Colleague: 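Let me give you the structure first, and then I'll get to my questions.
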Amino acid sequence: MSQSSKAGKKSGKKNIKTRLMHMGSDPDNYHGFVNTPLFRGSTILYPTLDAFLSRSQKYTYGRRGTPTFSALESAITELEGGHHTALTSSGLSACSVSLLAIVKSGGHVLITDSVYQPVRSFSERILKRLGVEVTYYDPHIGSGISDLIQDNTQLIYTESPGSQTFEVQDLPAICEVAKTRDVPVLTDNTWASPLYYNPLKLGADVVIHAGTKYFSGHSDANLGSITTTEAYSKVIRQTHGDLGQCPGPEDVTLCLRGIRTLSVRLERHQESALEMANWLAERPEVSSVIHPAREDHPDHELWKRDFTGSSGLFSILLKVTSDKALGAMLDDLELFGMGASWGGYESLVIPFDVTAYRTATTWKAEGRALRFHIGLEDTDDLKDDLDKGFARLASAG
Ligand SMILES: *Cc1c(COP(=O)(O)O)cnc(C)c1O
């Protein structure tokens, strides 16, 4: 059976959970081995002068791709329903390559105020140095984005829900306006993954992932991906190449392994995080829970309209304000680690404060904000750990 007919048979109209098992795979080409081998390599040989001069073979230079890269690229392209995927060395480099691919000196970009903070640093330091004007907008702006689009606006950057604070954006409304003004829309889809949110179907042009998070899923890889529609594939591909971007081959393999279990992991992350969020909401120490899948979230209806699920990441506000009490609670947690890069199997908690860098909106938080990532542990054990933490908090406060 030819490669294409077999791939066609396996993609078909089957459920995405089924297709996830085979996306990017090609056992026929690897002696029946289920997984695409980890190709390492810088030098790729050409059989003839003619092949070298025409660069006619599929793989030409290690940095530009290997069969291992191709397997992950095609899997992510299929997951997002895009035309092409480029892999980068980190989630942040996927954000910066996407921005650099589209901006030109003298241009203007619109970035959500709830953006992943290092993207703001990149924009402040690099984009501005290149003569690009940056405007941050209220994540709730929706079709009101129209008023902020200038003649020189080159892109609209979205992230939904927003980092740390979980504002859900009205992506279809933003994309509808953007289309009429011929401005591309970029979306960071790391939180929901393509299993629960499909920005390209909602009108976006470029979708970014920190593959470091749920794709790899085990806190052991750094990788980014940029998936585009056909219209933006050329410019992304070129800039990605010009910047010499490539992930490490082992990280690509770890991501390929990770995506096979994405649906089961996410189902558990979703279920446990909701259970923990609901439990936390009942605690007297907690003033509010910020989770888009809860009915008390201000953007819950929007989330319900556009997303088919939620993940393991949400925030809460604690009534306590002192570092001493918070330290007493967090320092001795047994199961919750204090670390920022989420999406692995383990539970995490970190304090955060976005007030210092928000510019278009004011983040109003009474008390201390904590961001949780709920891992794959048993939820009774997680509650027990937090219960003891709250007891320490009370006696220190
Ligand atoms: C973590 C994260 C990134 C950056 O990913 P790295 O691989 O750590 O560089 C980008 N966007 C979002 C939303 C993230 O959570």
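Here, residue 1 is the first one in the sequence, and each next residue gets the next number. Just so you know, ligand 1 is whichever comes first in the structure, and atom 1 is the first atom listed for that ligand. Please read these numbers as outputs of a predicted model, since none were measured by experiment.
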Colleague: For T212, counting its heavy atoms only, list the atoms of ligand 1 lying under 4.0 Å from any of them.
Modeller: 6 (P), 7 (O)
Colleague: Indicate the ring-plane relationship of W279 and F390, choosing parallel, tilted or perpendicular according to the 30° and 60° boundaries.
Modeller: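 Tilted, since the angle between the ring planes falls between 30° and 60°.
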Colleague: Just which atoms of ligand 1 are under 4.0 Å from any heavy atom in W342?
Modeller: 15 (O)
Colleague: Show me which atoms of ligand 1 lie under 4.0 Å from any heavy atom of E159.
Modeller: 13 (C)
Colleague: For atom 1 (C) of ligand 1, what is the closest protein heavy atom, and at what distance to 0.1 Å?
Modeller: K213 NZ, 1.4 Å
Colleague: Hey, looking at atom 5 (O) of ligand 1, which of G343, A210, G224, S96 has the closest heavy atom?
Modeller: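 Shortest heavy-atom distance from atom 5 (O) of ligand 1: A210.
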Colleague: Which heavy atom of the protein is the closest neighbour of atom 8 (O) of ligand 1, given with residue, atom name and distance?
Modeller: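 Looking only at protein heavy atoms, the one closest to atom 8 (O) of ligand 1 is Y116 OH, 4.0 Å.
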Colleague: Look at the rings of H373 and H269 and say which category their plane angle falls in: under 30° parallel, 30 to 60° tilted, over 60° perpendicular.
Modeller: tilted
Colleague: Should D188 be counted as touching ligand 1, given the test is an N or O pair under 3.5 Å?
Modeller: yes
Colleague: Shared ILVMFWY cluster between L302 and V185, side chains joined below 4.5 angstrom?
Modeller: yes
Colleague: Quick one: pull up CG in L202 and CG in L171 and give me the separation to the nearest 0.5 Å.
Modeller: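 Atom-to-atom, L202:CG and L171:CG are 5.5 Å apart.
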Colleague: Starting from the C-alpha separation in whole Å, work towards a yes-or-no answer on side-chain hydrogen bond (donor to acceptor under 3.5 Å, both in side chains) for D353 and Q164.
Modeller: CA-CA 9 Å; D353 182 4; Q164 323 269 45; over 6 Å; no
Colleague: Are F336 and F372 near enough that their ring centres are under 6.0 Å apart?
Modeller: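 Close enough - the centres of the two rings lie under 6.0 Å apart.
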Colleague: On the 0 to 90° scale, with breaks at 30° and 60°, tag the H291-W191 ring pair as parallel, tilted or perpendicular.
Modeller: perpendicular
Colleague: Counting each atom of ligand 1 from 1 as listed, which ones have a heavy atom of L92 under 4.0 Å away?
Modeller: 4 (C), 5 (O), 6 (P), 9 (O)
Colleague: Just to confirm my output: which protein heavy-atom neighbour is closest to atom 6 (P) of ligand 1, and how far is it?
Modeller: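 Residue, atom and distance for the closest contact: G91 N, 3.3 Å.
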